[in-house]
Amino acid sequence: MQYLHRVGRIRYLSRKYVFDLLVALLLFAAMLEVLVGRDSPDAPRTTLWFVLPAIAALVVPIVARRWFPLAPAAHWVLAIGISFVDWRLIPFAISIFVVGLVAAFLLGNLRDPVQAGIGLALVIAGPVTVVYKIPGHSTAMMIFIPLEFAISWVAGFALRDRAEKAEAAEVRATEAERERDAAARIAVAEERVRIARELHDIVAHAVSVMVLQVGAVRHKLPDAMTEDRDALRNVEQAGRTALAEMRGLLAAMRRDGDEAEFTPQPRLDGLDSLVEEIGRAGLPVQLHVDGEPVELPRGIDLSAYRIVQEGLTNALKHARASNADVTVRYRPDELQIEVRDNGEGSSTSNGLGHGLVGVRERVKIYGGEMSTGTANGRGFILSTRLPLSADRR
């Protein structure tokens, strides 16, 4: 484990400081050039006590860029000063020429446009001064040598612009992802509230029936069975209290402007009407029922209808399908639903952008499974499995 940590640390440091390492190699190469070619006629005339520190001074600003972004500009300021002391030093060492290109590139890569502009001025003025100090310099040297450094500056500027666009795109992608996550959480919350309202209707209906039956039984009991009548009265009162609390909870969950729903909750036996409605909207649908329909628990029955409804709505509004197939399979221990279309592929959006969130939440509530995919690279398939308990209602 320690070995892997050390290897990872070495890789991190190597990636972080590889540029500085290359600059250090250029420094070493420039000093070596001066030492090896000391006897050359074109070699610097000043002593090594000046030449070697001067070369180091030209390279140090490149390393200092980590703390001072404008530090590479000092390379050209020092180059101008050194050329007045000994004009042979900078033209003699080829490695210093490469360092100058690096400094020009870094100045063009500055984020601050004012600093980049100052860098461009120095990138042009520095080479012009150095070349001008060379005896017998030509006009071509005065033009093309500074031009080479200017091109390096332009390369840095272009990469900076590209990097800024990439960073801006990354920021937009991060914000978009954050917005999608937030929208997904809102969609999940709203869908859960909707499911809670529907389940309230189911439970409230069942409790209402029980309260009415208890009340009917209580009224039929003879006066002699006082204790039994009182017990049933308590049960009836508890049921009415539960209904009142459920209505209050539902009212709290309902948003401003939402109207109470008085129509019966749909069931799977109403799929024919749903298929006709979707067909009138422009999407022909074929309904297939496999197995013998059985009485389903009210919650599963409603959720199954909503799953088919969402699948067909998705195909109609977003998949650009020309036809769709709905298959409902009744199995001894589960209900299988498949909605298939021939549209353009996956689409998970409704008006909120998270159409299948509701399907996923409903399947999750009943411990089922949901899957989505395509058939032969085209169309969209929504498949769900809802387990059925042994005691159906």
Side-chain angles (χ1 to χ4, degrees), residues 8-27 58-79 95-128 143-187 318-320 344-357 374 377:
R9 180 67 176 173
I10 292 173
R11 289 179 178 175
Y12 168 76
L13 293 176
S14 62
R15 288 194 300 267
K16 184 176 181 180
Y17 296 103
V18 62
F19 187 81
D20 296 322
L21 179 60
L22 293 176
V23 172
L25 291 176
L26 288 174
L27 170 62
L58 290 171
V59 176
V60 167
I62 307 300
V63 179
R65 79 194 185 284
R66 292 185 176 275
W67 302 277
F68 308 100
L70 195 57
H75 169 86
W76 291 108
V77 175
L78 292 170
S95 299
I96 296 180
F97 176 83
V98 178
V99 173
L101 291 175
V102 172
F105 178 87
L106 293 175
L107 290 172
N109 202 244
L110 290 174
R111 298 299 179 91
D112 189 338
V114 175
Q115 293 181 354
I118 295 173
L120 177 60
L122 290 173
V123 164
I124 295 176
V128 168
I143 295 176
F144 290 106
I145 293 179
L147 182 61
E148 292 176 350
F149 293 102
I151 292 173
S152 181
W153 183 94
V154 171
F157 183 83
L159 286 180
R160 182 206 69 179
D161 184 63
R162 181 177 180 181
E164 288 180 345
K165 290 181 180 179
E167 289 180 1
E170 185 177 355
V171 170
R172 289 194 298 269
T174 302
E175 291 179 353
E177 184 177 359
R178 189 182 300 111
E179 291 175 358
R180 284 195 300 270
D181 292 341
R185 288 193 294 270
I186 293 174
H318 307 287
R320 298 182 181 179
E344 297 181 349
S346 176
S347 175
T348 61
S349 67
N350 62 3
L352 295 173
H354 294 274
L356 298 184
V357 169
T374 59

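Considering only residues two or more places apart in sequence or on other chains, Arg111 meets the side-chain contact (heavy atoms from CB on, under 4.5 Å) condition with Arg160, Ala163, Glu164, Glu167. Applying the side-chain contact (heavy atoms from CB on, under 4.5 Å) rule to Ala74 yields the partners Pro61; only residues at least two apart in sequence or on another chain are considered. Residues forming a side-chain contact (heavy atoms from CB on, under 4.5 Å) with Glu175 (at least two apart in sequence, or on another chain): Val171, Arg178. A search for side-chain contact (heavy atoms from CB on, under 4.5 Å) contacts involving Ala79 returns Leu58, Trp76, Ile90, Val130, not counting sequence neighbours. Under the rule for a salt bridge (charged side-chain N to carboxylate O under 4.0 Å, His left out), the partners of Asp161 that lie at least two apart in sequence or sit in another chain are Lys165.
At a threshold of 4.5 Å between non-hydrogen side-chain atoms, the residues Leu26 and Val59 do not count as touching.
Taking both residues in full, the closest heavy atoms of Pro69 and Leu110 are given as O-CD2, 3.1 Å, listed atom of the first, atom of the second, then distance.
Considering Ile118, Leu70, Val102 as possible partners of Leu107, the one that fulfils the side-chain contact (heavy atoms from CB on, under 4.5 Å) test is Leu70.
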Name every donor-acceptor pair, under 3.5 Å, that has one atom in a side chain of residues 150-157 and the other anywhere in the protein, sequence neighbours excluded.
{"residue": "Ser152", "atom": "OG", "partner": "Leu101", "partner atom": "O", "Å": "2.7"}
{"residue": "Ser152", "atom": "OG", "partner": "Phe105", "partner atom": "N", "Å": "3.4"}
{"residue": "Trp153", "atom": "NE1", "partner": "Ala116", "partner atom": "O", "Å": "3.2"}

